[in-house]
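Quantities reported herein were computed from a predicted structural model and do not represent experimental measurements.
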Amino acid sequence: MKKLLIHSQDTIISEEHLFPASEQYVFEVNNEDVDVDHYITLLLSSGNLHEKIMNSDVIFIKLSLTENYLEYLGLRLAYHIRLAPQLKEKKNLPIILVGEESYQFIGLTSSIPQILFTKGIYVMPDTREELERHIKMFNDGKLKKLDCEKDFINKISIPAPANYTSRHSIANEWNILRWAEMGKNFSNDLREELNKVNTSNQSLYFKYLEKKYLVDSDKENRQGFKKDSNRQNLTIPFVEGVKIYYIDDEVNKGWGLLFKDGIFKDYTEKTSFSYYDGFKKGEDTSNQLRKILEEVENLVTKQGFNLFIIDLRLFDSDFKREAKPTGFQLIEKIQNLNLGVQIVIFTASKNAENILKAQNLKVSGYVIKESPENVLTRSESWQQFMSFANNIKKAANFTALAGMHDKITKLKNASLFHNSAKSEEKDFYVSFNSAGGFADRIFKLLNTKETDLLGSAFLDSFAMLEKFTSIFYSEYEKDIKGSVKKLDNIDFIHLDINKEVNSFKTSIVFNRGGYDFQTNKQQKTPIDATFHDELQNRSHNAPGCGTRGMVRNLAVLKYRFDLNTDDIREIMTMTYIRNNLAAHDTGESVDSFKLKFED
C-alpha cells in the first residue's frame with residue numbers, strides 16, 4: 001500500500017516509522033495574503049504534491065493546516081482533490097481526514113461539511129492506534145474510493161465567495177476565461193496576462209459549478225480549446241468613423257484587456273476603443289455614478305464616441321430586487337444627449353423585465369454573457385461570441401446617426417430664418433423647427449433602423465433640401481430662365497432656357513456615366529458636374545443636360561454656399577437614388593439602395 005500524509009508538522013502520526021519522508025507532504029502557506037484556492041490549484045497541477053498523489057493509493061490529510069484550526073484547510077484541500085481533473089483517477093482515492101473533531105462538530109463549525117457524507121471520505125482521530133486501524137481497514141478492502149462523481153456533486157454545495165454578489169460575478173469571470181481560451185488570434189502574452197488578472201477558474205466555487213453543470217447535462221467533459229485547431233478568430237474589424245466605449249464594473253477582471261488587446265485590437269490601434277476604469281470598491285455609489293455620468297457626457301459631446309457597450313449592474317445596490325440597474329441610467333443619459341449614439345447591452349442578466357426595458361429604450365442589441373450553465377460545447381461558445389460580434393457590427397452600421405443628430409440639433413439651434421419677415425422663409429423655419437417638423441420627423445424615421453422606412457426619411461430629407469434651395473432660387477418667365485441669388489443677394493447666376501431653339505445656356509455642365517450599383521448600364525446618368533463662371537451654350541439633347549431640380553439644388557449649394565466637389569458628387573448620387581428608387585420604386589438597384597443605408 002502506498003500512502004500519503006499531507007500535514008503542517010503538527011500531527012502525531014508524522015513520525016518517520018509511520019510515514020517515511022517519501023510518503024509525507026508538508027503543506028505551508030507562508031503569506032497571509034495568498035489566495036489559498038490559487039495556491040492549492042498550483043500544487044495539484046504539477047510539482048511535488050501532484051507527483052506524490054499520482055503515486056499513492058490512499059491519502060491522509062490533517063483537518064487543520066494553519067494556525068486557525070477552524071479554517072479546516074484540510075477539508076478544502078479534499079474538495080480540490082475531488083474536483084481536480086489533472087489528477088485523473090487518483091482524484092477518487094480514499095481520503096482520511098485526521099483531527100480531534102467529530103463529524104458533528106465539523107458539521108456545526110464548517111461552511112462546507114457535506115463532503116464528509118460522500119463516499120470515499122473518512123474521519124479519524126490523530127492517534128497511532130487509529131492510523132493502524134485505518135491501514136488495516138484499507139488492506140481489508142473496507143476503505144472505498146469514490147466511484148460515482150455524479151453522486152458526489154449532487155451531495156455537496158459550495159457557497160459563492162463573499163465578494164460575489166450574484167451569478168453576475170461568475171458569469172463575467174467564466175466568459176472572460178472561455179473567450180481567452182477560444183481566441184486563435186490572441187497572443188500567448190495576452191493569455192498569460194488574462195490568467196494573471198482573472199484566477200477565478202482556480203477557485204473552489206468555480207470548479208464546483210463547472211462540475212455541477214456538466215453533471216446536470218449528463219456530459220462528462222466540457223469541450224475546451226486547448227488545440228489551436230479548435231480555436232476561432234475573435235476579432236471585430238475596424239469600421240471608419242466608429243468609436244467604441246465599454247462600461248462594466250468587471251473591466252479590470254479581464255474585460256478591458258480582452259477587448260483592448262484582443263477583440264477590438266483594430267479599434268485600439270486607431271484610438272477608437274476605450275473603457276471606463278474608474279470603479280472603486282468602497283467609494284460612495286452616488287459619487288461614483290455622478291463621475292460616470294459626467295464622463296459619458298464628455299465622451300458623447302466632446303470626444304465623439306458613438307457606440308457604447310454597457311453592463312446593466314455596475315454597483316452592489318443594483319442587485320436589490322427593487323433597484324433600477326445603473327446601466328439604464330447611463331443609457332437614458334446617452335439618449336438624452338444624442339439619440340443617434342448606438343448602445344449594446346452586454347450583461348449576465350436574463351431578467352425579463354430588464355430585457356423588456358431595453359427593448360422599450362430601443363437599444364441596438366442585448367447580449368447575455370456566457371456562463372457555465374448555458375454553454376458546454378465549443379460550438380455554443382462560438383455562437384455566443386458571434387451573437388456579440390453581430391450586434392456590435394449591426395450597431396456600427398448606424399453610428400452615422402450620431403453625427404446626423406448633431407447636425408440636425410445644430411441646425412435647429414441656429415434658428416435659421418427665425419426673425420425673417422418673408423413668408424417663404426418663416427414657413428421654412430416653422431416646418432423645420434417645430435415639434436414633429438422636418439428635423440424631428442427625418443431623425444425619427446432614420447432611427448427606426450427599419451429599411452422600409454428609410455426611403456420615407458430619404459424623401460423627407462430631399463423635400464427639406466428642395467424647400468430650402470427654393471428660397472434662394474428664382475424662376476421667372478416660366479420655363480424660360482432661372483437664377484440663383486448670390487451671397488450678397490444682388491448678383492445672379494443665370495440659367496437661361498429657350499425651348500423654341502431647343503437650346504439653353506447654363507453655368508453648370510453635367511458629366512454623364514453610370515454608378516456601380518446601377519443595373520441599367522446603358523442609361524447615361526449625371527454623376528458629376530463642372531461649374532463655369534460664364535454661361536455655356538448647351539443643347540437640350542446634349543450629354544450635359546440636367547433636370548431643373550438638380551440644377552436648382554446644385555446651383556444654390558455651389559454658388560451661394562460654396563459646397564465642395566466631393567459633396568456635390570454625393571448630392572448627385574443621392575438624387576439618382578431619390579429619383580429611381582426612393583420616390584418611384586422602379587426596382588433598379590434596390591439591394592444597393594438598402595445597402596447604402598445599412599453600410
Side-chain angles (χ1 to χ4, degrees), residues 1-15 17-20 22-27 36 40 43-44 49-50 52-66 68-85 87-158 204 207-208 211:
M1 177 186 74
K2 295 180 180 178
K3 59 189 186 297
L4 173 65
L5 172 64
I6 302 173
H7 65 102
S8 57
Q9 298 183 330
D10 61 345
T11 173
I12 295 171
I13 60 174
S14 62
E15 296 171 356
H17 68 281
L18 298 175
F19 282 93
S22 61
E23 293 185 347
Q24 294 191 42
Y25 182 86
V26 179
F27 189 95
V36 172
I40 291 174
L43 294 178
L44 296 180
L49 179 58
H50 173 84
K52 288 190 174 186
I53 291 176
M54 297 304 290
N55 290 320
S56 298
D57 300 315
V58 60
I59 303 172
F60 293 81
I61 304 176
K62 192 71 166 68
L63 264 172
S64 174
L65 294 174
T66 61
N68 180 4
Y69 78 94
L70 288 179
E71 191 175 27
Y72 296 131
L73 196 53
L75 196 67
R76 197 168 191 88
L77 175 59
Y79 275 104
H80 273 282
I81 290 172
R82 284 288 187 255
L83 296 171
L87 295 178
K88 302 180 180 178
E89 286 301 313
K90 294 294 184 178
K91 70 183 189 309
N92 299 322
L93 292 177
I95 296 176
I96 297 99
L97 297 166
V98 181
E100 299 307 318
E101 299 80 8
S102 65
Y103 278 97
Q104 292 81 0
F105 185 80
I106 298 170
L108 290 172
T109 54
S110 170
S111 61
I112 49 173
Q114 296 92 342
I115 194 173
L116 299 177
F117 310 102
T118 62
K119 191 170 183 178
I121 298 293
Y122 305 88
V123 176
M124 68 167 239
D126 187 8
T127 66
R128 299 179 185 85
E129 294 75 20
E130 280 299 315
L131 173 62
E132 291 172 0
R133 187 170 75 86
H134 278 78
I135 290 174
K136 184 177 185 305
M137 287 173 63
F138 177 84
N139 291 329
D140 292 343
K142 293 180 180 179
L143 295 186
K144 306 295 183 180
K145 67 178 183 178
L146 177 66
D147 56 8
C148 181
E149 187 175 58
K150 184 173 183 178
D151 286 347
F152 171 74
I153 296 298
N154 286 335
K155 286 181 179 179
I156 67 170
S157 178
I158 305 296
L204 187 57
K207 293 177 181 179
Y208 162 67
K211 285 294 183 183

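- Leu73 contributes atom CG, which lies 9.0 Å from atom OG of Ser8 (distance to the nearest 0.5 angstrom).
- Nearest approach of Phe27 to Ile40, heavy atoms of both residues: CZ-CG1, 4.0 Å.
- The shortest distance between side-chain heavy atoms of Lys155 and Gln114 does not fall below 4.5 Å.
- A donor-acceptor pair under 3.5 Å links the side-chain atoms of Tyr122 to the main chain of Lys144, judged by distance alone.
- Atom CD1 of Ile6 sits about 4.5 Å away from atom CD1 of Ile61, to the nearest 0.5 Å.
- In this structure, Lys142 contributes its side chain and Asn139 its backbone to no donor-acceptor pair below 3.5 Å.
- Gln24 contributes a side-chain N or O that, together with a main-chain N or O of Ser14, makes up a donor-acceptor pair within less than 3.5 Å.
- Residues Met1 and Ile135 come closest through the heavy atom pair CE-CG2, 3.6 Å.
- Between the Arg128 side chain and the Ile13 main chain, no donor and acceptor come within less than 3.5 Å of each other.
- The two residues Ile112 and Arg76 make their nearest non-hydrogen contact at CD1-NH1, 3.9 Å.
- The shortest heavy-atom contact between Leu44 and Leu87 is O-CD2, 3.9 Å.
- Here Asp140 pairs with Lys136 in a salt bridge; the nearest charged N to carboxylate O distance falls below 4.0 Å.
- From Glu149, atom CD reaches atom CZ of Arg82 across 10.0 Å, with rounding to the nearest 0.5 Å.
- Residues Leu77 and Leu43 have side chains not in contact (no heavy-atom distance under 4.5 Å, counting atoms from C-beta outward).
- Nearest heavy atom pair, residue Leu18 against residue Ile12, reads CD1-O, 4.5 Å.
- With contacts defined as side-chain heavy-atom distances shorter than 4.5 Å, the pair Asp151/Leu146 does not qualify.
- Put simply, the side chain of Ser110 does not reach to within 4.5 Å of the side chain of Phe105, judged on heavy atoms.
- By the ring pair (Phe, Tyr, Trp, His ring centres under 6.0 Å) test, Phe138 pairs with no residue at all, sequence neighbours left out.
- Looking at every heavy atom in both residues, Leu93 comes nearest to Ile53 through CD1-O, 4.1 Å.
- In Lys145, the NZ atom is not crowded: 12 or fewer heavy atoms of neighbouring residues, nucleotides or ligands sit closer than 6.0 Å.
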**Request:** Kindly indicate, with the supporting measurements, whether the criterion side-chain contact (heavy atoms from CB on, under 4.5 Å) is fulfilled by Val98 and His7.
**Result:** CA-CA 9 Å; Val98 181; His7 65 102; over 6 Å; no
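- Ring geometry for Phe117 versus Tyr103: interplanar angle of 30 to 60°, hence tilted.
- There is no side-chain donor-acceptor pair under 3.5 Å between Asn68 and Thr66.
- For Phe19, the ring pair (Phe, Tyr, Trp, His ring centres under 6.0 Å) partners at least two apart in sequence or on another chain are Phe60.
- Put simply, CG on Asp126 and CG on Asp10 are 8.0 Å apart, with the number rounded to the nearest 0.5 Å.
- Atoms NZ and NZ, on Lys90 and Lys52 in that order, are 15.0 Å from each other to the nearest 0.5 Å.
- In this structure, the separation between CD1 on Ile121 and CD1 on Ile95 is 4.0 Å, given to the nearest 0.5 Å.
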